[in-house]
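Accompanying notes for the structure given below.
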Amino acid sequence: MDYLTVKGGKRLGGVIDIHGSKNSALPILAASVILNGEAVIHNCPRLTDVENTVLILKYLGASVKREGKTLIVNPKGVNKNDIPEKLMREMRSSVLFLGALCSKMNSACVYLPGGCEIGLRPIDLHLKALTELSGVISFDGSNICCNAEKMKAGKAVLPFPSVGATENTILASVTLSGKTTLINAAREPEIRHAPVFSPSRIRRRRVQTG
């Protein structure tokens, strides 16, 4: 389809079912690996990016089941800290597992994410923030590893607001002792309204994405 033609002049009416927000669902799904118990995510949209995220969760060892518009993630079986290149290349937001696995496994190895031209949307801000929290980054041009064993709460500064870098820094900070301050954080709705939780205190979390 090349274009749409809309002819106005008529009153609109009816009922439409609003899907949950993909931009909220994807970081919430990545965050679910950090939990000690189930994450129950309501109104989770049926989209390719969501299904690809589910494939990553299952590869890592989590169990995932869908009941209508609800996804139930149990990360109890998560036992890997790496994600294969094929899964990473499917979408941009796969990079969020870098921060999540740092919190869960104390280390993470992922490939550069797909979904867009990497030159147009680099992840240098993500790596900069993790480094400022004492994460040790190694990068060979495609494979990114972060050793988070000595990561500690502190201050990270973004040169400019980045949604993905903000989300990744938050995910990497969840299990750190103390207060982490992120300067110049993004303020999009999926960040401002996202639940913040500690896996040591919450075993089951219900989340609405839309």
Side-chain angles (χ1 to χ4, degrees), residues 17-116 118 121 123 126 142-146 163-172 174-175 188-191 193-197 199 202-210:
D17 187 15
I18 303 298
H19 293 288
S21 167
K22 181 192 77 168
N23 289 344
S24 293
L26 298 180
I28 290 171
L29 286 169
S32 69
V33 303
I34 307 172
L35 292 172
N36 293 324
E38 286 184 343
V40 183
I41 305 164
H42 297 293
N43 201 22
C44 193
R46 286 184 177 270
L47 299 171
T48 300
D49 280 1
V50 172
E51 298 307 315
N52 287 330
T53 302
V54 169
L55 291 177
I56 291 176
L57 288 168
K58 289 182 176 180
Y59 169 81
L60 293 173
S63 66
V64 185
K65 61 181 179 179
R66 180 178 280 275
E67 297 178 356
K69 296 181 181 180
T70 299
L71 274 183
I72 302 171
V73 182
N74 189 329
K76 183 178 180 180
V78 171
N79 59 5
K80 297 184 180 75
N81 70 339
D82 70 290
I83 301 174
E85 184 176 13
K86 181 179 179 180
L87 292 176
M88 288 294 299
R89 293 293 187 185
E90 293 297 323
M91 58 181 178
R92 172 69 183 178
S93 62
S94 60
V95 73
L96 297 179
F97 282 93
L98 179 63
L101 288 173
C102 282
S103 279
K104 178 72 172 185
M105 307 295 289
N106 278 333
S107 65
C109 282
V110 301
Y111 285 84
L112 287 174
C116 68
I118 193 65
R121 297 179 64 184
I123 62 167
H126 303 236
S142 61
N143 191 37
I144 307 162
C145 290
C146 180
V163 173
T166 299
E167 292 169 336
N168 236 338
T169 307
I170 291 172
L171 291 173
V174 169
T175 56
E188 273 71 7
E190 58 266 28
I191 292 174
H193 299 154
V196 178
F197 49 86
I202 298 180
R203 297 194 59 81
R204 184 179 178 91
R205 184 73 182 187
R206 294 180 178 271
V207 179
Q208 190 81 15
T209 64

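When a residue number appears, it is its place in the shown sequence, counting from 1.
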Self-check item: Shortest non-hydrogen separation from K104 to I34 and the atoms involved
Solution: CD-CA, 4.1 Å
Quiz item: Are side-chain heavy atoms of S94 and P113 found at a separation under 4.5 Å?
Solution: yes
Quiz prompt | Rounded distance [0.5 Å steps], CD1 in I191 versus OG1 in T166 | solution = 4.5 Å
Practice problem: Return the minimal non-hydrogen interatomic distance between H42 and T70, and the atom names on each side. | Solution: ND1-OG1, 3.0 Å
Quiz prompt | OG-CD1 distance between S103 and I170, expressed to the nearest 0.5 angstrom | solution = 11.0 Å
Quiz prompt | Validation row: F97, L171 side chains within 4.5 angstrom (heavy atoms) | solution = no
Quiz item: N23 and E188: side chain to side chain contact (heavy atoms under 4.5 Å, CB included), yes or no, with the steps?
Solution: CA-CA 10 Å; N23 289 344; E188 273 71 7; over 6 Å; no
Quiz item: If you round to the nearest 0.5 Å, how far is CD1 of I18 from CG of N43?
Solution: 9.5 Å
Quiz item: Any side-chain heavy atom of L26 sitting closer than 4.5 Å to one from V50?
Solution: yes
Quiz prompt | Flag side-chain contact, heavy atom, 4.5 Å: T53 against M91 | solution = yes
Quiz item: If we only count heavy atoms from C-beta on, is the C146 to L98 side-chain gap below 4.5 Å?
Solution: yes
Self-check item: From CD1 (I56) to NZ (K86), nearest 0.5 Å
Solution: 12.5 Å
Quiz item: How long is the span from the CG atom in L29 to the CG atom in N52, to the nearest 0.5 Å?
Solution: 11.5 Å
Quiz prompt | Polar side-chain atom of N168 near backbone of G99 as donor-acceptor pair, under 3.5 Å | solution = yes
Quiz item: Closest approach of L112 and R89, non-hydrogen atoms and distance?
Solution: O-NH1, 3.5 Å
Quiz item: What heavy-atom pair brings S107 and N81 nearest, and what distance separates the two atoms?
Solution: OG-ND2, 2.7 Å
Quiz item: Which atom names give the shortest non-hydrogen contact between C44 and L71, and what distance separates them?
Solution: SG-CD1, 3.6 Å
Quiz item: With a 4.5 Å limit on heavy-atom distance, are the side chains of D17 and K69 in contact?
Solution: yes
Quiz item: So, do I144 and V95 sit near enough that their side-chain heavy atoms are less than 4.5 Å apart?
Solution: no
Quiz item: Can you name the closest pair of heavy atoms from L101 and A108 and give their distance?
Solution: CB-CB, 3.6 Å
Practice problem: Starting at NZ of K76, measure out to CG of N36 and round the result to the nearest 0.5 Å. | Solution: 11.0 Å
Exercise. List in chain and number order the residues that pass side chain to side chain contact (heavy atoms under 4.5 Å, CB included) with E51, two or more places apart in sequence or in another chain; answer none if no residue qualifies.
Key: R66
Self-check item: Pair E85-V110, side chain to side chain contact (heavy atoms under 4.5 Å, CB included): steps then yes or no
Solution: CA-CA 7 Å; E85 184 176 13; V110 301; over 6 Å; no
Exercise. Could you walk me through whether I123 and R92 pass the side chain to side chain contact (heavy atoms under 4.5 Å, CB included) test, one step at a time?
Key: CA-CA 10 Å; I123 62 167; R92 172 69 183 178; 3.5 Å; yes
Quiz item: Would a distance-only check, ignoring hydrogens and angles, find a side-chain to backbone donor-acceptor pair under 3.5 Å from K22 to P45?
Solution: no
